[in-house]
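Notes for the one structure printed next.
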Amino acid sequence: MDINALREEQIDKASQVVRHDDMPFEQPAFIAGADVGFEQGGDVTRAALVVLAYPSLELVEYRVARIPTVMPYIPGFLSFRESPALLAAWEMLSHRPELLFVDGHGVSHPRRLGVASHFGLLVNVPTIGVAKKRLCGQVAPLAAEVGSQQPLMDRSEQIGWVWRSKARCNPLFVSTGHRVAIDSALLWVMRCMRGYRLPEPTRWADAVASNRPAFQRWQRQHRL
DNA sequence: GCGACAG
DNA sequence: ATCTTGTCGC
């Protein structure tokens with residue numbers, strides 16, 4: 001794997017990312033969430049995709065894809081490692097979500113092509129990046145109150161929002177993935193909150209990927 | 001050279 | 001990301 005070639009590819013693809021709203025819907029019927037994990041000591045990449053009805057935010061579909069891991073984790077190149085599995089899971093979906101929340105950054109990336117942007121471009125779907133940690137950029141101190149927010153700045157441009165989604169919890173890093181404006185991205189995340197630190201699409205994707213009790217309960221009353 | 005560094 | 005028990009606090 002040639003990091004320099006990948007870097008060039010990022011620069012090229014970043015120029016194709018759409019940072020304004022280009023969502024063909026008044027109100028989406030389905031919003032999806034994506035999360036990627038690893039098994040077998042990292043040899044297997046596991047991608048979980050969930051589809052929630054909007055605005056009820058009820059889980060209506062979930063898919064998990066497992067493929068051989070293609071690349072090691074290198075900060076700044078996460079999308080090349082996770083996209084293949086995400087694509088496999090995406091092709092298994094029976095629903096057609098109008099919006100997708102991806103676990104990780106969107107344009108708040110050194111070359112403006114985080115996994116949310118890269119994948120959004122790949123499947124041409126509006127995406128939003130929801131990350132739990134900063135990758136690049138600077139932020140002013142964030143107030144302790146729930147709801148406080150600060151722009152994430154890098155090279156004199158705003159690349160995202162740092163938002164305290166819940167009291168006493170670390171903030172979320174929200175950014176444009178593809179076809180969703182930066183302010184809209186934060187608004188959509190806000191609309192998908194149900195009292196937890198993470199928005200429902202991301203939270204469910206994580207629950208499915210890790211087979212959490214909440215997901216096991218859902219399965220029990222929807223399959224048996 | 002040193003520190004930072006999504007998942 | 002993953003390996004892992006208890007523990008402090010609302």
Side-chain angles (χ1 to χ4, degrees), chain A residues 1 3 6-7 9-10 13-14 17 33-50 64-90 100-122 127-139 144-146 152-155 159-178 182 185-186 189 194-199 201-213:
Chain A
M1 127 200 70
I3 288 295
L6 297 184
R7 184 177 282 106
E9 184 179 342
Q10 290 182 321
K13 289 195 165 149
V17 171
D35 186 38
V36 176
F38 299 86
E39 302 173 349
Q40 315 280 358
D43 292 343
V44 173
T45 300
R46 176 230 313 114
L49 273 182
V50 295
V64 177
R66 275 170 244 264
I67 66 165
T69 296
V70 302
M71 221 187 86
Y73 168 65
I74 300 173
F77 297 87
L78 184 69
S79 64
F80 294 101
R81 174 172 164 83
E82 305 194 336
S83 289
L86 284 174
L87 191 56
W90 182 259
L100 170 67
F101 283 39
V102 179
D103 193 342
H105 288 90
V107 300
S108 43
H109 174 281
R111 289 166 295 285
R112 309 295 184 257
L113 194 78
V115 62
S117 298
H118 195 164
F119 190 69
L121 209 51
L122 208 54
T127 58
I128 292 173
V130 179
K132 305 178 202 68
K133 296 179 187 172
R134 184 189 67 88
L135 173 59
C136 69
Q138 309 78 45
V139 211
E145 297 78 57
V146 196
L152 176 57
M153 306 294 296
D154 189 43
R155 289 183 254 149
I159 56 176
W161 283 107
V162 179
W163 180 55
R164 193 171 312 280
S165 57
K166 186 174 185 192
R168 300 175 304 283
C169 285
N170 292 322
L172 259 30
F173 294 77
V174 180
S175 61
T176 291
H178 183 48
I182 192 163
L186 182 58
V189 169
R194 282 297 186 281
Y196 298 91
R197 177 163 84 120
L198 300 175
T202 306
R203 199 172 73 82
W204 274 109
D206 182 75
V208 169
S210 305
N211 198 34
R212 296 275 159 64

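A note on names: the letters A, B, ... follow the listed sequences, proteins ahead of strands, and every chain is numbered from 1.
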Roughly, in whole Å, what's the span from [atom1] in [X] to [atom2] in [N]?
X      : N     : atom1 : atom2 : result
A:N170 : B:dG7 : CG    : P     : 11 Å
A:R134 : B:dA6 : CZ    : P     : 9 Å
A:D206 : B:dG7 : CG    : P     : 11 Å
A:L135 : C:dA1 : CG    : P     : 15 Å
A:D154 : B:dC5 : CG    : P     : 13 Å
A:R112 : B:dA6 : CZ    : C1'   : 14 Å
A:H118 : B:dA6 : NE2   : P     : 19 Å
A:H105 : B:dA4 : NE2   : C1'   : 13 Å

A:R111 side-chain N/O to B:dA6 phosphate OP1/OP2 under 4.0 Å: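 A:R111 to B:dA6 OP1/OP2: no side-chain N or O under 4.0 Å.
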Of the candidate nucleotides [options], which contains the atom at the shortest distance from the side chain of [X]?
X      : options             : answer
A:H109 : B:dA6, B:dA4, C:dA1 : B:dA6
A:A131 : B:dC5, B:dA6, C:dA1 : B:dA6
A:F38  : B:dA4, C:dA1, B:dA6 : C:dA1

What is the nucleic acid contact for [X], judged by heavy atoms within less than 4.0 Å: base, sugar-phosphate only, or nothing?
X      : result
A:G76  : base
A:F77  : base
A:G114 : base
A:R81  : base

Within residues 127-137 of chain A or reaching into it, pairs that qualify as salt bridge (charged side-chain N to carboxylate O under 4.0 Å, His left out) - sequence neighbours excluded: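 The answer is A:D103-A:K132.
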For the student: nearest non-hydrogen atoms of A:S175 and A:A185, plus distance: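 Scanning both residues, the minimum pair turns out to be O-CB, 4.0 Å.
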Pairwise 5' ranking along DNA chain C for A:R168 and A:A209, keeping only the more 5' one: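 Closer to the 5' end of DNA chain C: A:A209.
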Side chain to side chain, A:M1 and A:P72, heavy atoms closer than 4.5 Å: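 Counting from C-beta outward, A:M1 and A:P72 do come under 4.5 Å.
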Gap separating the CG atom of A:L86 from the CG atom of A:L100, nearest 0.5 angstrom: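 Going from the CG atom of A:L86 to the CG atom of A:L100 covers 8.0 Å.
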ring-ring contact (aromatic ring centres under 6.0 Å, His included) assessment of A:F80 paired with A:H118: CA-CA 9 Å; A:F80 294 101; A:H118 195 164; 5.1 Å; yes
Face-to-face stacking of A:Y73 with B:dG7, centres under 5.5 angstrom, angle under 30°: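 Given the distance and angle limits, yes, they stack.
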